[in-house]
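This report refers to the structure that appears directly beneath it.
Note that this is a predicted model, so its numbers are computed, not measured. Chain letters run A, B, ... following the sequence lines, proteins first and then strands; every chain starts at 1.
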2 protein chains.
Amino acid sequence: MRFEPVKKISSYEMIVEQIESGIREGNLHPGDRLPGERRLMETFSVSRATVREAMRVLHATGVVNTRAGDPRGPEVLPFTPEALERPLLRMTYQEGTTRADLIQFRLLLEGQSALLAAASGDQDAKEVIAARAADLMALADGAAGADTDLPEEFGVLLSNFHSAIRAASGNQLLQATGQAVDGALTTLARQRLGDEPGSTALVQRLRCSAQDAAALTEYIHDGDAVGARKLATENIYRFYKDRLTDQELAVLEPLVG
Amino acid sequence: MRFEPVKKISSYEMIVEQIESGIREGNLHPGDRLPGERRLMETFSVSRATVREAMRVLHATGVVNTRAGDPRGPEVLPFTPEALERPLLRMTYQEGTTRADLIQFRLLLEGQSALLAAASGDQDAKEVIAARAADLMALADGAAGADTDLPEEFGVLLSNFHSAIRAASGNQLLQATGQAVDGALTTLARQRLGDEPGSTALVQRLRCSAQDAAALTEYIHDGDAVGARKLATENIYRFYKDRLTDQELAVLEPLVG
DNA sequence: GACACTCTACTGGTCTGACCAGTAATGCAC
DNA sequence: GTGCATTACTGGTCAGACCAGTAGAGTGTC
């Protein structure tokens, strides 16, 4: 006979658990409305404070959205990659996890995304990738260099391009995780602002990235899965090559190719 | 001139944000104690209810641990892969994300983990892998078949083996994500209990997995990175081969090899 | 009938103040 | 010193109150 450890579960956790299991089992769908707090305190036989704590947790984890005054009650939300982004970011603050780890992880994810995208038969998704690559090319061609918004736009377009590849992989987990890592890296980059390159160097970078994107698009279009993975990792490696120390680059190398 | 959208930030979010930024900036470390709720309501000039809502969120996301009666106050916790596991699991409840996605994602992660582990020079970590593989082998040799705990133990040892590989990769993100996906799959498997194979088939499976593990250990030891990735994905593919439909297996194939 | 407006009955957000069960450390008895 | 009751806290929960905000019903206008 084996005993299970008794877990003391608090009232608010009970409410969270019940609502989450409602979603899990398909009784609650994104867009559905929950009863109001005053209603919930009756159905769960607890005080409003307890109900509120449960709602706060659900709100903070992106499960529901609460808006004061809305008589329809809290809304059940669809899943968002942001929910992954927070714990991922938090992890990088931890002793032992470095930015290099984050980049290595990204390299790994983007590589496999490219592979899956190339292997996929989803032509529509492949066309979206081509369109995003074209966007980058267009920006590169028209780039003057003096534009203040250029770094921002460059980042957005490049991010969109990678996002399209992840979407074409057909795996939502890959998509969400990739997006979260991407977001985390953007946040980190924003925090350590100032390492923006000069505008001529930036244009150079942009041109290079646009060409890389075009080449990768070709591989994916042709369905060369292994080639796409190789190129995707090489591209990202090159992107980071002169931004990281040799030591940091060393951890990326095994994944390239 | 560009304006930024005004974000209405509620009181409790402010507290959460301040405590999280304290951790982010290194003023708060795991193991540190926060002031008690009554103290916090003074420093933040809010009511206890608001402080509590903030603490609940921090507690639910694994940032702090609160214990009633402890005069030292809430404890700041180190990061745990569990924090990733919850949103990951939640994602699979979503329309459009299937178990096959989860398994595909796992295949992808384990493959890259094996590659990095093989490329790594960390001999200690490699020895741990060998030890875990030996554990599996020992269980396989001594397996009677009638043991009720066998499925459980098999799962734990296999999980430990993969965990050791992820650890050897040297990337904490890979480690945490892999662990989370592993945990999520275990949870899913537990939910759909009943598909446990007969005890003879289980022993067969166990033997097969133990041999696969031994072979993979060899590759990693020898530093054959690409070979290790190939074998790792093949092993997992074989593991799932007769548990999934052909359609589900099809999404895994591009990653094998 | 279509539209713009006001109003009302709710919503969630916050506060106050209270009681209870649990715990760490204090200090006492031995 | 060691073991144990005490104490002064802690967080968990409850009740009741007020406020600002919103959706939708109701009203008026054209």
OP1, OP2 of C/dT16 versus side-chain N and O of B/R38: anything below 4.0 Å?
no
Tell me, yes or no, whether the heavy-atom count around B/E25 atom CD, taken from other residues, nucleotides or ligands under 6.0 Å, exceeds 12.
yes
Please determine if a side-chain N or O atom of B/T50 lies less than 4.0 Å away from the OP1 or OP2 oxygen of C/dC15.
yes
When you measure from the side chain of A/A49, which nucleotide among D/dT13, D/dC14, C/dC15 comes out closest?
D/dC14
Could you check which of C/dC15, D/dT10, C/dG12 has an atom nearest any side-chain atom of A/P74?
C/dG12
Sugar-phosphate, base or nothing in reach of A/R72, heavy atoms under 4.0 Å
sugar-phosphate
Taking atom P of C/dA21 as reference, at what distance in whole Å does atom CD of B/E37 sit?
18 Å
Whole-Å distance between D/dC14 P and A/F44 CZ?
13 Å
To the nearest Å, give me how far apart CD1 (A/I15) and C1' (D/dG12) are.
13 Å
B/L40 CG to C/dT14 P: how many Å, rounded?
16 Å
Residue met sooner reading DNA chain D from 5', once A/A68 and A/S10 are mapped to nucleotides:
A/S10
Whole-Å distance separating the CD atom of B/E53 from the P atom of C/dC15:
9 Å
What nucleotide among D/dT13, C/dC15, D/dG11 has an atom nearest to a side-chain atom of A/S47?
D/dT13
Separation of B/M41 atom CE from D/dG11 atom P, in whole Å?
12 Å
Taking 4.0 angstrom as the limit, do A/E20 and B/R86 come out as a salt bridge?
yes
Using a heavy-atom cut-off of 4.0 Å across all strands, would you classify A/R33 as base, sugar-phosphate, or nothing?
nothing
Rounded to the Å, how far apart are B/H59 NE2 and D/dT13 C1'?
15 Å
Is the phosphate of D/dC9 approached by B/R39 (side-chain N or O, under 4.0 Å from OP1 or OP2)?
no
Taking atom types as they are modelled, is there a donor-acceptor pair under 3.5 Å from the base of C/dT14 to the side chain of A/R48?
yes
Below 3.5 Å, can you tabulate the donor-acceptor pairs from side chains in residues 166-175 of chain B to any protein atom, sequence neighbours excluded?
unit_1, atom_1, unit_2, atom_2, d
B/R166, NH1, B/E110, OE2, 2.9
B/S169, OG, B/R166, O, 2.5
B/S169, OG, B/N171, N, 3.2
B/N171, OD1, B/L173, N, 2.8
B/N171, OD1, B/L174, N, 3.2
B/N171, ND2, A/D101, O, 2.9
B/N171, ND2, A/Q104, OE1, 2.7
B/Q172, OE1, A/T97, OG1, 3.3

Step through the shown structure and confirm whether more than 12 heavy atoms of other residues, nucleotides or ligands are within 6.0 Å of CD on B/E17.
yes
For a quick test of reading the model: is some side-chain N or O of B/T66 closer than 4.0 Å to OP1 or OP2 of D/dG12?
yes
Shortest non-hydrogen pair, A/T61 vs A/A83, comes out as O-CB, 4.1 Å
So, under a plain 3.5 Å distance rule, would you say the side chain of A/R67 forms a donor-acceptor pair with the base of C/dG13?
no
Choosing from D/dG12, C/dT14, C/dT11, which nucleotide comes nearest the side chain of B/R56?
D/dG12
List the atom pairs, with distances to 0.1 Å, where a side-chain N or O of residues 65-72 of chain B and a protein N or O form a donor-acceptor pair under 3.5 Å, not counting sequence neighbours.
unit_1, atom_1, unit_2, atom_2, d
B/R67, NH1, B/D70, OD2, 3.0
B/D70, OD1, B/R72, N, 2.9
B/D70, OD1, B/R72, NE, 3.1
B/D70, OD2, B/R33, NH1, 3.3
B/D70, OD2, B/R72, NH2, 3.1

For A/N65 and C/dG13, what is the distance between atoms CG and C1' respectively, to the nearest whole Å?
14 Å
